[in-house]
Amino acid sequence: MPKSAADSPSLAPGRKLDSDLSEPETQIVVAFDDNRAASVLVGPYGQHLALIERRLGVVADSRGNHVTLAGSRDGCDAARRVLETLYKQALNGSDVTNGDVEGAVRAILAQGSLFDFDPRAGKTSFDEISLRKRPVRARTAAQDAYIRALKRNELVFGIGPAGTGKTWLAVAQACQLFERKEVDRIILSRPAVEAGERLGFLPGDMREKVDPYLRPIYDALYDLMDARIVERALQSGEIEIAPLAFMRGRTLTNAAIILDEAQNTTSMQMKMFLTRLGENSRMIITGDPSQIDLPNGQQSGLAEASKLLAGVEGIAQVRFAAEDVIRHELVARIVAAYEGPSGAAQRKPS
């Protein structure tokens, strides 16, 4: 376990905190017993510490297996708890990514109290999806709510901007259900609507024609499951690619069903898809209402369904916002800019 000691010396010359400089400055030294895990924790060229500095307004300096934190008392305490959480993850043999750091920071900030965190528990208060390859942990409060909704409801809508993990977590939940044999197959669907382009007629069989539209889901599958298992399941039909246009008349039983990019469904398509839900199946629908590629004047089936089905028992809706973006720091700023007053005004029809 890491060990820490606190006192109140001044900072090194020339180094400033982003936090309120009027607060008394605090310094905490956190020591880690395992040098390998400490190296993983710090990250290549100290990039994980740099991220913690930016997010919590502290100064972090690494020397060997010691990390010195300087800044406000609350900032240093939060940074210490982030380091302890990530150190436990590294001790378990897991890699630590920038996304893990961001998730740990958000989890610590969401807890609200400085005294209700137990690093010995080895995880934050956020939920996770357990897979054979590796666990998938929620990194924001919205992702935590999404995972809990996926576990408790048979039909879940994940609605929000790009980069918030809607599709990723949907695939992770489907993989978990498949690995535990709670369902017999995974069914992936997506409307074949180009994003402002005309791709023309694509060559190949049905899977080859639909592959470009489902590439984000394929990427998630191969990252969350062993590639040989994915390939075998695709060949056997246990993982099925089902174009939305070919779903009519089917009843989907014992399956985890994902409809991605649902903002590009029409009202009729959405109703048709929702009524395919069969016995012992779970359905997850994801979409971004700000990226509708339907012809002008045509209502999005996702927008209509989210209104009509609000409050229906057994159906959960989780909405993400710009602050839930985990893809890259700049993506959150880009989304916020487009959702701001100037961006909204430019998107309004003239």
Side-chain angles (χ1 to χ4, degrees), residues 127-132 136 145-159 166-192 206-207 210 213-214 216-218 220-221 224-225 229-287 300-319:
D127 210 337
E128 69 177 29
I129 297 172
S130 300
L131 297 171
R132 291 174 187 168
V136 176
Y146 189 44
I147 290 178
R148 295 177 189 275
L150 291 172
K151 291 180 177 181
R152 298 172 183 174
N153 298 274
E154 295 177 335
L155 174 57
V156 177
F157 288 86
I159 303 171
K166 306 182 302 295
T167 302
W168 178 269
L169 293 175
V171 175
Q173 176 66 9
C175 291
Q176 183 189 62
L177 293 172
F178 182 71
E179 287 182 350
R180 293 181 175 180
K181 301 190 182 302
E182 294 181 34
V183 297
D184 296 333
R185 52 190 173 149
I186 298 173
I187 299 176
L188 311 173
S189 190
R190 190 177 185 182
M206 183 186 299
R207 177 181 166 184
V210 179
Y213 300 101
L214 291 168
I217 297 181
Y218 277 124
L221 278 172
L224 296 168
M225 297 176 68
I229 295 176
V230 175
E231 287 295 334
R232 186 165 61 246
L234 285 168
Q235 293 295 327
S236 66
E238 291 174 303
I239 297 179
E240 179 185 352
I241 310 304
L244 184 60
F246 292 5
M247 297 287 283
R248 188 176 298 277
R250 298 185 62 181
T251 300
L252 307 176
T253 60
N254 298 309
I257 312 153
I258 298 174
L259 175 61
D260 193 32
E261 298 291 341
Q263 76 275 4
N264 288 327
T265 60
T266 65
S267 297
M268 186 177 298
Q269 285 175 329
M270 178 59 77
K271 180 182 177 182
M272 178 271 293
F273 184 83
L274 291 170
T275 54
R276 301 306 96 199
L277 186 63
E279 187 177 354
N280 192 40
S281 286
R282 299 289 188 91
M283 184 176 283
I284 310 167
I285 297 173
T286 67
S300 167
L302 176 63
E304 181 185 56
S306 65
K307 294 177 182 177
L308 292 175
L309 301 178
V312 175
E313 184 179 356
I315 300 176
Q317 297 188 32
V318 179
R319 294 187 179 271

Please tabulate, one pair per line, all N/O donor-acceptor pairs under 3.5 Å involving side-chain atoms of residues 171-185, not counting sequence neighbours.
{"unit_1": "Gln176", "atom_1": "NE2", "unit_2": "Ser130", "atom_2": "O", "d": "3.3"}
{"unit_1": "Glu179", "atom_1": "OE1", "unit_2": "Arg132", "atom_2": "N", "d": "3.1"}
{"unit_1": "Arg185", "atom_1": "NH2", "unit_2": "Thr253", "atom_2": "O", "d": "3.4"}

Review point. How many angstroms lie between CD1 in Ile257 and CD in Glu240, if you round to the nearest 0.5 Å?
Key: 10.0 Å

Point to revise | Arg282 side chain near Leu150 side chain, heavy-atom distance below 4.5 Å | key: no

Tell me which donor-acceptor pairs under 3.5 Å the side chains of residues 265-278 have, and how far apart each pair is, sequence neighbours excluded?
{"unit_1": "Thr265", "atom_1": "OG1", "unit_2": "Ala262", "atom_2": "O", "d": "2.7"}
{"unit_1": "Thr266", "atom_1": "OG1", "unit_2": "Gln269", "atom_2": "N", "d": "3.1"}
{"unit_1": "Ser267", "atom_1": "OG", "unit_2": "Glu304", "atom_2": "OE1", "d": "3.0"}
{"unit_1": "Gln269", "atom_1": "OE1", "unit_2": "Thr266", "atom_2": "N", "d": "3.0"}
{"unit_1": "Thr275", "atom_1": "OG1", "unit_2": "Lys271", "atom_2": "O", "d": "3.0"}
{"unit_1": "Thr275", "atom_1": "OG1", "unit_2": "Met272", "atom_2": "O", "d": "2.9"}
{"unit_1": "Arg276", "atom_1": "NE", "unit_2": "Met272", "atom_2": "O", "d": "2.7"}
{"unit_1": "Arg276", "atom_1": "NH1", "unit_2": "Arg250", "atom_2": "O", "d": "2.9"}

Exercise for review: Could you pull out all residues at least two apart from Gln317 that satisfy side chain to side chain contact (heavy atoms under 4.5 Å, CB included)?
Suggested key: Phe157, Ile159, Ser306, Leu309, Ala310, Arg319

Study note, to complete from the structure: In short, Ser189 meets Ala242 closest at the heavy-atom pair OG-O, 2.7 Å

Exercise for review: To the nearest 0.5 angstrom, please state how far the CG atom of Leu169 sits from the CD1 atom of Ile147.
Suggested key: 5.0 Å

Study note, to complete from the structure: Value for CD1 (Ile186) from CD1 (Ile239), rounded to nearest 0.5 Å, stands at 4.5 Å

Check your understanding: Does any non-hydrogen side-chain atom of Ile241 lie less than 4.5 Å from one of Tyr218?
Key -> yes

**Study point:** Heavy-atom side-chain proximity of Leu221 to Leu188 below 4.5 angstrom
**Key:** yes

Review point. How close do Thr286 and Ala170 get, heavy atom to heavy atom, and via which atoms?
Key: CG2-CB, 4.3 Å

Exercise for review: Starting at NZ of Lys166, measure out to CG of Asp260 and round the result to the nearest 0.5 Å.
Suggested key: 7.5 Å

Revision key, fill the gap. In short, Ser281 meets Asn254 closest at the heavy-atom pair OG-N, 3.1 Å

Check your understanding: Which distance, rounded to the nearest 0.5 Å, do you find between the CD of Glu261 and the CG of Leu244?
Key -> 12.5 Å

Study note, to complete from the structure: Minimal heavy-atom distance between Leu308 and Val312, with the atoms involved, is O-CG2, 4.3 Å

Revision key, fill the gap. Output for pair (Ile229 CD1, Leu224 CG), nearest 0.5 Å, gives 12.0 Å

